[in-house]
Every structure is written in C-alpha cells, then in structure tokens.
Amino acid sequence: METSDWEEMNAIEIREPGGPEVLSPCQRKIPDIRTDEVLVKVLAAGVNRPDVMQRKGQYPPPPGASDIPGLEISGVITALGSEAQNLSIGMEICALVSGGGYAEFCTVPASLCMRIPKGISMVEAAAIPETFFTVWDNVFKRGQLKPGETLLVHGGSSGIGTTAIQLAHAAGARVFVTAGSKEKCDACKALGAARAINYREEDFVEIISNATNGEGVDVILDMVGGDYVSKNLNCLSFGGRIVQIAIQRGTKAEIPVHLILVKQATLTGSTLRSRSIDEKSIIAAELKREVWPLIEKGRVKPQIFRTFDLKQASDAHRLMDSSSHIGKIVLTT
C-alpha cells in the first residue's frame with residue numbers, strides 16, 4: 001500500500017450542534033485506509049440536506065464513520081489498500097461516502113469508487129453520488145417507475161429533484177414537480193418536467209387530478225412528509241407507490257388509511273447513509289451500467305448552482321438553509 005506524503009489535512013468540523021456558524025475549519029490527521037479502501041485527494045464535495053441535519057445534531061454519523069460531514073466527493077486516488085481491486089493511483093473518481101467529505105483527503109471503500117463520466121468536470125462529478133444513488137434506488141428500484149408512467153417529485157428544484165426529473169424523463173416517464181417559485185418551476189420544466197406546480201400558489205392535488213383525468217400519478221418521490229402524506233395518497237393512482245426519503249415538515253401525519261386499501265397503494269421509504277457497503281456497491285454498479293451512458297451522451301447532467309471554497313462551508317450551508325438554490329451546492333479544495 002502506498003501512502004500520502006502529507007500527515008495533516010484541512011477539514012471542516014462541527015464544533016457543536018447549531019447553525020452554519022458551527023462549521024469550523026480545522027487541521028486533522030489524514031485518515032488511515034483499510035485493506036479494502038482507497039485514499040482520495042478530494043477536489044470537490046457535494047453539500048446535501050443530511051449534512052445540514054448532522055450540523056444541527058439531528059443525524060449522527062453511523063458507527064465507524066467520520067464525524068466530518070460530507071457524503072459525496074470527487075478527486076484523485078492517492079493510496080490503495082492491499083485488497084482494492086481494479087483501481088490505480090492517479091485515477092479520477094467520484095464516490096459516495098458515509099462521512100468525511102468536507103476535507104482534503106477522504107477514505108472510500110474500493111467498491112464505491114466510480115470513474116468520472118466522460119465530459120463531466122470534477123465539480124459536476126462531486127454532485128453525482130448522493131443524489132443519483134438516492135434517485136436510482138428510490139424512484140426506479142423501490143418506486144419501480146416504468147416507461148409511460150407518471151412521477152410526481154416534491155422539491156423539484158433541489159439536487160434530488162433536478163436529478164429525478166432528468167432520469168425519469170430519459171426513462172420515458174411523464175414528470176410532475178412541485179417547487180416554491182416561478183423561477184424554480186421554469187428551471188424544472190427546462191429539465192423535462194411536463195408540469196411544474198408552484199405549491200405557494202397552487203393546490204398540487206387538484207392540478208394532478210386535472211392533468212391525469214382523475215387517474216393520479218403512479219409514483220411519488222416525497223422529501224416533505226407531514227401533511228403531504230395524506231395529500232400524496234389523494235393524488236396517487238390505483239396501484240401507485242409513494243417513496244418517502246425525508247420529512248422536512250415533520251414526522252407525524254394523519255393518514256387516510258382507506259385510500260391505501262382502495263388504491264392498493266404502497267407507502268415505503270428509505271435512508272441511504274446507514275446501508276451496508278454491499279448494498280451501496282450494488283447501486284454503484286447499476287449506476288455505472290444504466291446511468292453513466294446517459295450522462296456521457298449529455299441526456300442527464302448534474303445541475304450546479306454555486307461553488308464555495310472548503311473554508312466557506314458555513315456560507316454554503318447558509319445558502320442551503322435559505323432554499324433559494326436550484327440544483328447542487330459544491331465545496332472545492
């Protein structure tokens with residue numbers, strides 16, 4: 001195993017639970033790698049809602065994971081574990097990690113390293129893993145979205161939303177989204193959404209009913225929760241599937257259970273960070289096989305809203321908290 005010439009690295013740590021100001025630049029020891037891992041010189045790291053939750057003390061790292069935030073990175077492999085296969089030093093990769101992304105170096109399980117798609121920059125590559133893993137697993141595997149079906153995405157202008165629109169559209173599905181402004185709705189339509197609903201001004205249940213002739217949508221990807229759960233059931237088709245991936249409006253909901261029975265509906269959900277490496281490796285292999293060709297053909301592309309230097313992580317989180325962005329926020333080293 002080759003090792004890095006550096007002993008310390010710049011990183012961002014969470015001093016205590018709180019607002020963006022608790023994100024603090026620090027010096028940390030470059031992490032040691034296990035036999036089945038690689039060490040990556042991080043060039044860019046995506047910023048995601050789970051990072052915000054961790055900052056607030058609401059989403060602690062799983063056992064064994066770094067306390068440094070950051071779940072997706074791009075960079076260059078600088079060291080290999082003895083059991084890391086089909087990889088080489090100097091290879092440019094992007095990867096899903098369970099923590100440690102907000103740093104100059106990060107360890108990655110070898111099976112989660114993915115060559116950067118052709119035509120994609122380092123910054124764009126850093127915006128792929130967390131969102132594409134999430135969308136692929138929840139929309140296409142759990143939600144079982146098929147060509148010709150309809151998908152409703154709440155939070156259409158988010159990193160998850162912009163990815164879901166593009167992948168579903170490329171797969172031959174009709175996509176509806178909700179978003180919070182005309183600018184965001186226009187951006188969603190430009191990516192392939194058939195209808196973008198401004199939830200501040202319009203009732204998405206009524207609009208979905210009218211747009212589908214009362215039949216409803218086949219799959220709903222929801223990161224809102226709360227009172228949206230019952231609304232989702234009201235605009236779901238017979239045999240429809242709701243996939244819950246976040247609960248921004250709360251954990252409690254009044255559910256019209258009879259609609260689950262009458263519509264033979266499925267209400268499911270998942271989290272990604274705590275899943276086993278083997279589970280994540282399966283998703284990584286599927287992405288490389290099914291999605292990488294779409295990216296390399298230009299049919300799907302990460303939407304970058306703004307980049308910040310690693311030391312400006314607090315500013316990046318302030319932007320994330322404002323929800324004024326469209327697409328992804330990325331830190332660069």
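The neighbour count for Lys297 NZ, taken as heavy atoms of other residues, nucleotides or ligands under 6.0 Å away, does not exceed 12. In this structure, Lys29 places its NZ atom where more than 12 heavy-atom neighbours from other residues, nucleotides or ligands lie under 6.0 Å away. Shown here is Lys301, whose NZ atom has no more than 12 heavy atoms of other residues, nucleotides or ligands within 6.0 Å. Crowding of Gln27 atom CD: a count of heavy atoms from other residues, nucleotides or ligands under 6.0 Å exceeding 12. For Arg15, the CZ atom is densely surrounded, since the number of other residues' heavy atoms within 6.0 Å is greater than 12. Within a 6.0 Å sphere centred on NZ of Lys141, other residues, nucleotides and ligands contribute more than 12 heavy atoms. Within a 6.0 Å radius of CD in Glu183, other residues, nucleotides and ligands contribute 12 heavy atoms or fewer. Residue Lys182 places its NZ atom among 12 or fewer non-hydrogen atoms of other residues, nucleotides or ligands, all under 6.0 Å distant.
Side-chain rings of His154 and Tyr199 stay apart, their centers remaining 6.0 Å or farther from each other. Remark: aromatic rings of Phe204 and Tyr228 are close, center separation under 6.0 Å. In this structure, the ring of Trp136 has its center no less than 6.0 angstrom from the ring center of Phe132.
Listed for the Arg249 side chain is no donor-acceptor partner under 3.5 Å among the backbone atoms of Gly225. Side chain of Ser230 to main chain of Ile255: no donor-acceptor pair is present (N/O by atom type, distance under 3.5 Å, no hydrogens or angles). In this structure a side-chain-to-backbone donor-acceptor pair under 3.5 Å is present from Lys263 to Leu236. Remark: the backbone N or O of Glu92 is not paired with any side-chain donor or acceptor of Arg115 at under 3.5 angstrom. Side chain of Glu124 to main chain of Ser121: a donor-acceptor pair is present (N/O by atom type, distance under 3.5 Å, no hydrogens or angles).
Gln54 and Arg273 form a side-chain donor-acceptor contact under 3.5 Å, judged by distance and modelled atom types alone. If you check the side chains of Asn10 and Thr333, you find no donor sitting under 3.5 Å from an acceptor. Using a 3.5 Å distance cut-off with no hydrogens or angles, the side chains of Glu130 and Asn48 do not pair a donor with an acceptor. No side-chain donor-acceptor contact under 3.5 Å links Lys184 and Asn198.
Take Cys188 and apply the side chain to side chain contact (heavy atoms under 4.5 Å, CB included) test, not counting sequence neighbours, and it matches Ser157, Ile165, Val177, Ala193, Ala196.
Rounding to the nearest 0.5 Å gives a distance of 5.5 Å between SG of Cys235 and CD1 of Ile208. Here Ile220 contributes atom CD1 and Thr266 contributes atom OG1; the two are 12.0 Å apart, rounded to the nearest 0.5 Å. With rounding to the nearest 0.5 Å, the separation of CG in Leu310 from CG in Leu331 is 6.0 Å. Here CD1 of Ile12 is found 10.0 Å from CD of Gln312. Values are rounded to the nearest 0.5 Å. Note that OG of Ser270 is 10.5 Å distant from CD of Gln244, once rounded to the nearest 0.5 Å.
Electrostatic pairing of Asp203 and Lys231 does not count as a salt bridge here, judged by no charged N lying under 4.0 Å from a carboxylate O. Using a 4.0 Å cut-off between a side-chain N of Lys or Arg and a carboxylate O of Asp or Glu, Glu104 and Arg28 do not qualify as a salt bridge. Under the 4.0 Å criterion applied to side-chain N and carboxylate O atoms, Arg318 and Asp321 are not assigned as salt-bridge partners. Between Glu202 and Arg195, at least one side-chain nitrogen of the basic residue sits less than 4.0 Å from a carboxylate oxygen of the acidic one, meeting the salt-bridge criterion. The existence of a salt bridge linking Glu72 and Lys328 is confirmed by a sub-4.0 Å separation between a basic side-chain nitrogen and an acidic carboxylate oxygen. Under 4.0 Å is where a charged nitrogen must lie from a carboxylate oxygen, and between Arg241 and Glu149 at least one such pair does.
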Counting only pairs under 3.5 Å, give me each side-chain donor-acceptor contact of residues 94-102, with atom names and distances, residues two or more places apart or in other chains.
from: Tyr102; atom 1: OH; to: Asp51; atom 2: OD2; distance (Å): 2.8
from: Tyr102; atom 1: OH; to: His317; atom 2: NE2; distance (Å): 3.0

